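No experiment lies behind these values; they were computed from the predicted model shown.
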Amino acid sequence: MSVRLADVISVLDEAYPPQLAEAWDSVGLVCGDPDDAIESVTVAVDATPAVVDQVPGGGLLLAHHPLLLRGVDTVAASTPKGALIHRLIRSGRSLFTAHTNADSAVPGVSDALAHALGLTVEAVLNRSPATTDLDKWVIYVPQQNADAVREAVFAAGAGQIGDYSHCSWSVTGIGQFLALDGANPAIGSIGTVERVTEDRVEVVAPAHSRAAVLAAMRRAHHYEEPAFDVFTMAALPADTGLGRIGTLSQPETLREFVARVGAALPPTSWGVRAAGDPDQSVSRVAVCGGAGDSLLDAVATAGVQAYVTSDLRHHPADEHVRASQVALVDVAHWASEFPWCAQAAGMLRSRFGGSLRVGISTLRTDPWNLGTGHQC
């Protein structure tokens, strides 16, 4: 059975929802036809010419870092990024990016980093803002007409909760009304108080479907003036976000923990560097794949003894160490995100089995290639 690119995109969007991406980010399909059949996916941190050359013809490159992050006004083949786009298209290859949405998703980039370091994840370090896009509809309808109204609003997008559809709740009661001059009551007559056995039907629906649900309910409802309420659902704290907090199976010194980090991640010229008391006991650790100094304030109050991330700058690191007892462990940006490649590949293999070949590019695309420590 052939796999369409659209099928893979659907799975990737489910695993790494685009709405989790930061506002400044650029994620999703960069080039490729969703209707095309593909036979392979190659997962990498960066889309570079050498990595693209590893992608089988007609295959998909799933990259963590966006190729076109900033605004561009040309993809001419005479420019480095334009040349890469041309190379992809000419060979029938596709490019898809999962960046900060993969950072915040669960499991995501920081989960993979924590797992590589032998940590058991307990919590998200910096949760995504609480959001909601759901309404709750409460509709009062004559009991004999309730099923028709339910089916109408279900068809308009209501009643979906996770992997379940046609969800509703009902209770029966007595509705009362008095039709005034000018009304055209479906039940009863002008000037007479009517009492009708009604169902109170409750469903949830996406807020963007509000107009469609309203129109469907009015068409299906028996009454000239249906009685209903629409409530915006309160936002609940999200389980997604940047960074993770995890624990070691047993405490070890910072010196031992730094050695653990160095052994767990692929070697780079950057190596692993740390700031803190080498003999400090470490049992609870915060991690953030990629550049993580924006989370230093959250780290300081997270109840951890060490923080593993990358791209730490001199002054923020110095101020953090002076004000906090949390040690800092700084690794190469590429190395901190490379464990995600295996996680993403495993997710795709579990969804597509033998119908899709999934590989990982092990090329070191870290831009730093020379140093006094590890060299690559």
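The shortest distance between side-chain heavy atoms of V230 and L214 does not fall below 4.5 Å. The shortest side-chain heavy-atom distance between R150 and V203 does not fall under the 4.5 Å cut-off. With a 4.5 Å cut-off on side-chain heavy atoms, S94 and L60 count as touching. Within the 4.5 Å cutoff, side-chain heavy atoms of I190 are placed close to those of P185. At least one side-chain heavy atom of V304 sits less than 4.5 Å from a side-chain heavy atom of V299. F352 places none of its side-chain heavy atoms less than 4.5 Å from the side chain of V41. The shortest side-chain heavy-atom distance between Y223 and I187 falls under the 4.5 Å cut-off. Annotation: side chain of R218 is in contact with side chain of P226 (closest heavy-atom distance under 4.5 Å).
Within a 6.0 Å sphere centred on CD of Q19, heavy atoms belonging to other residues, nucleotides or ligands number more than 12.
D33 places a side-chain N or O within donor-acceptor distance of the main-chain N or O of D35, the cut-off being under 3.5 Å. The backbone N or O of T97 sits nowhere less than 3.5 Å from a side-chain atom of H64 that would complete a donor-acceptor pair. Between the R349 side chain and the V358 main chain, a donor and an acceptor come within less than 3.5 Å of each other. At least one donor-acceptor pair closer than 3.5 Å links the side chain of R284 to the backbone N or O of G303. The main-chain N or O of L67 is found under 3.5 Å from a side-chain atom of K81 such that the two form a donor-acceptor pair. Although no hydrogens or angles enter the test, the distance criterion places a donor-acceptor pair under 3.5 Å between the side chain of S269 and the main chain of W368. Between the T240 side chain and the S128 main chain, no donor and acceptor come within less than 3.5 Å of each other. Between the H320 side chain and the V326 main chain, a donor and an acceptor come within less than 3.5 Å of each other. Remark: side-chain polar atoms of S110 are paired, donor with acceptor, to backbone N or O of G289 under 3.5 angstrom.
With 3.5 Å as the limit, one finds no donor-acceptor pair spanning the side chains of D366 and T268. Between the side chains of R255 and T253, no donor-acceptor pair is found at a separation under 3.5 Å.
A side chain to side chain contact (heavy atoms under 4.5 Å, CB included) with W340 is found for exactly one of L113, D103, V109, V45, namely V109.
No chain of hydrophobic side-chain contacts below 4.5 Å, direct or via other Ile, Leu, Val, Met, Phe, Trp or Tyr residues, connects V106 to V287. L119 and L265 end up in the same hydrophobic cluster when Ile, Leu, Val, Met, Phe, Trp and Tyr side chains are linked at under 4.5 Å. When the side chains of ILVMFWY residues are joined at heavy-atom separations under 4.5 Å, either directly or via intervening members, V261 and L328 end up in two distinct hydrophobic clusters. Residues V55 and L363 fall within the same hydrophobic cluster, defined by Ile, Leu, Val, Met, Phe, Trp and Tyr side chains chained together at heavy-atom separations under 4.5 Å.
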From CA spacing to verdict: side-chain hydrogen bond (donor to acceptor under 3.5 Å, both in side chains), S281, Q305: CA-CA 7 Å; S281 179; Q305 294 88 41; over 6 Å; no

From CA spacing to verdict: side-chain hydrogen bond (donor to acceptor under 3.5 Å, both in side chains), H333, E337: CA-CA 7 Å; H333 190 121; E337 294 174 331; 3.2 Å; yes

CA sep, side-chain torsions, deciding dist, call: T365, W334, side-chain hydrogen bond (donor to acceptor under 3.5 Å, both in side chains): CA-CA 7 Å; T365 54; W334 172 83; 3.2 Å; yes

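Listed by chain and residue number, nothing satisfies the side-chain hydrogen bond (donor to acceptor under 3.5 Å, both in side chains) test with H115 (two or more places apart in sequence, or in another chain). Taking H166 as the reference, F154 meet the ring pair (Phe, Tyr, Trp, His ring centres under 6.0 Å) condition, with sequence neighbours excluded.
Taking CG of N101 as the start and CG of D13 as the end, the distance is 8.0 Å to the nearest 0.5 Å.
Note on E202 versus R200: salt bridge recorded, some NZ/NE/NH1/NH2 to OD/OE distance being below 4.0 Å.
Grouped by direct or indirect side-chain proximity (heavy atoms under 4.5 Å, Ile/Leu/Val/Met/Phe/Trp/Tyr only), Y140 sits with V138, F231.
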